[in-house]
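For reference, the structure discussed in these notes is given below.
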Amino acid sequence: MDDISTSTASSIVSHKPRNGRIWLATLGLALLVAGLLASASLMLATVFSIIYIAAMMIIAGLAQVGFAFTAPGWQAKILWTVGGVLYTVAGVLAFTNPLLASAGLTLLIGVLLVIGGASRIGSAALEHKGSPSWSLAAMGTVTALAGLAVLLAWPGVSLWLLGAILSVDLIFQGLSALGMAWALRQR
């Protein structure tokens with residue numbers, strides 16, 4: 001009996017990594033193809049990403065309104081309801097006008113990149129009391145400049161920036177999954 005359970009366990013272990021590796025490689029290939037397709041039409045990818053975000057906002061807003069009925073106390077009920085309604089309305093507006101929503105999100109990305117870069121530069125200046133961390137300052141400068149580039153090109157850049165971010169993300173996720181599958185193959 002001990003030999004049977006040992007052989008069964010070793011066969012499960014030997015098959016599981018192979019199946020996992022195949023699924024991981026398939027996922028990686030699918031993500032890579034999706035990223036390449038998204039890069040073929042960045043504007044369409046931008047619109048799809050906005051529609052996806054809008055749908056998630058609508059679902060989350062409705063869930064918040066639903067939760068408001070179970071919240072303890074009338075103040076909590078009002079806060080959850082107002083928050084849920086605002087979230088739902090924002091989702092509906094984004095859904096009905098995805099290009100306007102992409103302009104708003106792109107503007108937000110530009111502003112946040114400038115703020116993030118400036119905070120890294122400030123952090124680098126304060127990090128070593130007079131001798132700043134130059135790598136952190138350099139990263140902050142690049143981030144702030146990227147934000148300024150987005151802001152200076154806005155709103156035109158909003159037609160393709162979110163699609164570009166999506167396609168690059170999908171391509172790198174796909175390559176990463178393929179790399180992990182390849183590493184599992186080596187074991």
Side-chain angles (χ1 to χ4, degrees), residues 1-60 63 91 94 98 101-102 105-106 108-124 126-128 131-150 153 157-187:
M1 175 126 172
D2 198 40
D3 292 330
I4 293 173
S5 63
T6 304
S7 67
T8 304
S10 66
S11 78
I12 290 171
V13 168
S14 67
H15 289 303
K16 245 184 175 178
R18 183 175 186 277
N19 289 338
R21 185 181 72 236
I22 290 170
W23 280 108
L24 193 57
T26 303
L27 173 65
L29 190 58
L31 289 169
L32 184 61
V33 168
L36 292 172
L37 287 173
S39 68
S41 178
L42 296 178
M43 186 174 168
L44 190 60
T46 295
V47 171
F48 279 137
S49 62
I50 292 294
I51 289 172
Y52 174 77
I53 291 168
M56 295 302 108
M57 289 175 73
I58 293 168
I59 291 168
S102 74
L105 282 175
T106 303
L108 181 63
I109 287 171
V111 168
L112 291 176
L113 285 172
V114 170
I115 292 170
S119 70
R120 283 191 186 129
I121 293 168
S123 176
L126 298 174
E127 188 173 297
H128 295 294
S131 60
S133 169
W134 293 108
S135 62
L136 186 59
M139 287 188 315
T141 302
V142 169
T143 302
L145 289 174
L148 284 174
V150 168
V157 72
S158 64
L159 295 175
W160 59 266
L161 182 66
L162 297 175
I165 292 170
L166 175 67
S167 66
V168 168
D169 181 56
L170 288 171
I171 289 169
F172 277 103
Q173 282 189 51
L175 291 174
S176 175
L178 287 171
M180 287 189 289
W182 180 261
L184 287 174
R185 181 178 174 263
Q186 302 302 321
R187 290 184 180 185

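The basis for the numbers below is simple: all heavy atoms, side chains too, and nothing from hydrogens, waters or symmetry mates. Position 1 is the first residue of the sequence; numbering continues from there. Predicted model only: the values in this text are computed from it and were never measured.
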Checklist entry - Closest heavy-atom contact between Gly91 and Ala54? => result O-CB, 3.3 Å
Checklist outcome for this item: One should read off an interatomic distance between Ile53 CD1 and Ile58 CD1, to the nearest 0.5 angstrom, of 12.0 Å
Item to check | Closest contact, heavy atoms only, Thr143 versus Leu113 | outcome: CG2-O, 3.3 Å
Checklist entry - Under 3.5 Å, is there a donor-acceptor pair between the side chain of Ser102 and the main chain of Ser158? => result yes
Next on the checklist: For a quick test of reading the model, state the closest non-hydrogen atom pair linking Arg120 to Met139 and the distance between them.
Outcome noted: NH1-O, 4.2 Å
Checklist entry - What's the spacing between Leu175 CG and Leu29 CG if we round to 0.5 Å? => result 10.5 Å
Next on the checklist: Whether the side chain of Ser176 engages the backbone of Phe172 through a donor-acceptor N/O pair (distance < 3.5 Å, no angle test) should be reported.
Outcome noted: no
Item to check | Validation row: Leu24, Arg21 side chains within 4.5 angstrom (heavy atoms) | outcome: no
Checklist outcome for this item: Between the CD1 atom in Ile165 and the OG1 atom in Thr106, the distance rounded to the nearest 0.5 Å is 7.5 Å
Item to check | Leu32 vs Ile171 side-chain heavy atoms within contact, under 4.5 Å | outcome: yes
Checklist outcome for this item: Smallest heavy-atom separation, Leu166 atom then Ala45 atom, equals CD2-O, 3.9 Å
Item to check | Closest approach of Ala137 to Ile121 (non-hydrogen atoms, all atoms of both residues) | outcome: O-CG1, 3.8 Å
Checklist entry - CD1/Ile22 to CG/Leu184 distance, rounded to the nearest 0.5 angstrom? => result 11.0 Å
Checklist entry - Are any non-hydrogen side-chain atoms of Leu159 and Thr46 less than 4.5 angstrom apart? => result no
Checklist entry - Are the side chain of Ser39 and the backbone of Leu36 linked by a donor-acceptor contact shorter than 3.5 Å? => result yes
Item to check | Summary of side chain to side chain donor-acceptor pair (under 3.5 Å) pairs that have at least one residue in residues 161-170, sequence neighbours excluded | outcome: Asp169-Gln173
Checklist entry - Would you say the side chain of Ile109 lies within less than 4.5 Å of the side chain of Leu162, judging by non-hydrogen atoms? => result yes
